[in-house]
K.L.:
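I have a structure I would like to understand better, so I am pasting it below and will then ask my questions one at a time.
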Amino acid sequence: MLHELTICPNVDKQERDASSAAYMSNDNEKDLDIIATYSDVSGTIRTCRVKMKDLSASWVLENPINVDKVQVLKLKDTYQTSTPFQENVEQSTDDQQFQEGEILSHRQTYWSPVKFKRQILRQKRRDLRTAELVRQDKEVDKEMQATEAIESLKNMDTVVKGKYSIWRKDFENPNADSTLKLMRDQIIMAKVYANIALSKKQTALYNSLLKQVMESLNVIGEANSDADLHPSSLDRAKEMGHALSVAKDELYDCCTVERKLRAMLLTTEDNLESQKKRSAFLIQLAAKTVPKPLHCLSLQLSADYHFHGYYQTKQEPYNEKLEDPSLYHYAIFSDNVLATSVVVNSTVLYANEPEKHVFHIVTDKLNFAAMKMWFLVNSPKNATIQVDNIDDFKWMNSSYCSVLRQLESVRIKDYYFKANHPSTLSDGADHLKYRNPKYLSILNHLRFYLPEVHPKLDKILFLDDDIVVQKDLTPLWDVDLKGMVNGAVETCKESFHRFDKYLNFSNPIIIENFDPNACGWAFGMNIFDLKEWRKRNITAIYHHWQDL
């Protein structure tokens, strides 16, 4: 921003005739009257009178103009960045009028380089200081925010108000069972010291520790967290701690305690393994046990089947739906009437077009009448049901199916039934799930002969009898199998359902041709491309490996 100033020096003639440089170098010592002409924010022209010595060091003289008795100068504020005026303006003041005349311009600048340099350095220091203050202010804000966050965490109540996981209790507050764990650890140590006391014939201490163990077990009960404990549990823990302190003073010996803990660990591991075997056995038993009210269901159905004369019908009327490849065909091989009914009815229940669904059920001779009678009386609406007897498949014989010969062998029967062993539970529980006698049934192996069972179908969905359908399955027929025979659900998680669970890798033929870590799959629901099956002759490959 430039101001046009009129400088009226109160000095004699000789001093005005002095050189401009000397004049400007001593301007702080001169008593110069300066009339400043400027425009305010409203555009009004205003004037004021100041002394040269009153100006700050940031003002410098630029382009002095000599007139007879006055000097018209332009003073430049070095801290302003506006564009300088490019013309000389003639102004009038209250004291005198200046007429327009010839003005000689001098381009030479009259300011001190040292003073100007100081001004520049001073401004830089101010800028740096401002930036530093801004940076410090931001750091202080961050520190304050961090401090507030830490304080809020310290004041936060981490106690779980209730269980927020309906599946597991591991996700509760990590300190929610600290008292429970303490009491369980005390029980373990009390048993250790009790055994040591018994070996050293300190009967009184032995009885005292056993009493403490029983009381702690009663307080714990079936608690799984501190919230489940009795209110007196903390007092009980203190009493047990006192008893353990007394026992430690009398009996503690590092080597002896180590031996006792190691023995207890081995015993616990043996008990755990035994419980696992028992659990596996009971799971299999529960899965195959029929409730008492249903014990005679198959017998009653068979009696009704013969009573109503259905057995006299040698062959049912031909139904073209049974061989129509444009419909949705299901294969179910089972001897369990109710289980098969659940699969069929749940499938039809969620089907968008039940009339297009055809179920091919195959059972054995013993359960054929019961299965047939059930679906005659309880056939699902609109769906087509076909029930076949496996004994009617004349091609299913031991000369064609090597698995039939194997199922009749003594070795296989011993493997599944353990007839020569006193305890099935103790000796056969390593892979109890896979030693189920159901695998002796040819119905379990019939799935490998699907093209022979359904020679006129191109695609079929195989369903096991232990599933419940919960949505429409028709989109499975549109799945692109990419030239594969079988579409299945992968169940290979960690070590579960890998080949080493099914195949005998001590056999050199197996270990040379199969990877023990390869993934198996669930047979509960499989979509089969029977055209590709026949093309690759999968049944012959199955026979090849069965023979080996």
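By convention here, the first residue in the shown sequence is residue 1. Computed from a predicted structure; not experimentally measured.
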K.L.:
Using the ring of F368 (Phe, Tyr or Trp, six-membered ring only), decide whether K365 places NZ or CZ under 6.0 Å from its centre and within 45 degrees of its axis.
P.N.:
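No cation-pi geometry.
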K.L.:
Which class fits the ring pair H357 and Y328: parallel under 30°, tilted 30 to 60°, perpendicular over 60°?
P.N.:
tilted
K.L.:
Taking atom types as modelled and ignoring hydrogens, do the side chains of N271 and Q275 form a donor-acceptor contact shorter than 3.5 angstrom?
P.N.:
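There is no such pair (donor and acceptor under 3.5 Å, judged by atom type) between the side chains of N271 and Q275.
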K.L.:
Could you pull out all residues at least two apart from D547 that satisfy salt bridge (Lys or Arg N to Asp or Glu O under 4.0 Å)?
P.N.:
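Here the qualifying residues are R405.
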K.L.:
Can you see whether S334 engages N336 through a side-chain donor-acceptor pair at a distance of less than 3.5 angstrom?
P.N.:
no
K.L.:
Excluding sequence neighbours, so at least two apart, what forms ring pair (Phe, Tyr, Trp, His ring centres under 6.0 Å) with F514?
P.N.:
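Partners of F514 by the ring pair (Phe, Tyr, Trp, His ring centres under 6.0 Å) criterion, ordered by chain and then number, come out as W545.
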K.L.:
Under a 4.0 Å threshold between the charged nitrogen and the carboxylate oxygen, would E532 count as salt-bridged to R536?
P.N.:
yes
K.L.:
Strictly by salt bridge (charged side-chain N to carboxylate O under 4.0 Å, His left out), give each pair with a member in residues 441-461 just once, sequence neighbours left out.
P.N.:
E323-K456
K.L.:
Not counting sequence neighbours, which residues clear ring pair (Phe, Tyr, Trp, His ring centres under 6.0 Å) with F393? List them please.
P.N.:
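Testing F393 for ring pair (Phe, Tyr, Trp, His ring centres under 6.0 Å), a comparison that skips the adjacent residues, returns W395.
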K.L.:
Which residue in the set L198, V257, L205 passes side chain to side chain contact (heavy atoms under 4.5 Å, CB included) when paired with Y193?
P.N.:
V257
K.L.:
Enumerate the side chain to side chain donor-acceptor pair (under 3.5 Å) contacts for residues 469-479, please, sequence neighbours excluded, ordered by first and then second residue.
P.N.:
N352-D472, D472-T474
K.L.:
Once side-chain contact (heavy atoms from CB on, under 4.5 Å) is applied, do any residues pair with S274, and if so which ones, sequence neighbours excluded?
P.N.:
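Result, side-chain contact (heavy atoms from CB on, under 4.5 Å) vs S274: none returned.
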K.L.:
Would you mind listing every side chain to side chain donor-acceptor pair (under 3.5 Å) that reaches into residues 368-380, with sequence neighbours excluded?
P.N.:
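Found E316-K372, S341-W374.
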K.L.:
For N367 and D364, does a side-chain donor sit closer than 3.5 Å to a side-chain acceptor?
P.N.:
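Yes.
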K.L.:
So, using ring pair (Phe, Tyr, Trp, His ring centres under 6.0 Å) as the criterion, who are the partners of F359 when residues are at least two apart?
P.N.:
Y330
K.L.:
Just checking, is any N or O donor in the side chain of N526 or N486 under 3.5 Å from an acceptor N or O on the other one?
P.N.:
yes
K.L.:
How would you list, by chain and number, every residue that makes a side-chain contact (heavy atoms from CB on, under 4.5 Å) with H544, sequence neighbours excluded?
P.N.:
L548
K.L.:
Among pairs that include at least one residue of residues 500-548, which meet disulfide (SG to SG under 2.5 Å), considering only residues two or more places apart or in two chains?
P.N.:
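Disulfide (SG to SG under 2.5 Å) check on residues 500-548 returns C492-C519.
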K.L.:
With H454, which residues qualify under ring pair (Phe, Tyr, Trp, His ring centres under 6.0 Å), at least two apart?
P.N.:
H360
K.L.:
Restricting to pairs with a member in residues 439-472, which pass disulfide (SG to SG under 2.5 Å), not counting sequence neighbours?
P.N.:
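Pairs touching residues 439-472 that pass the test: none.
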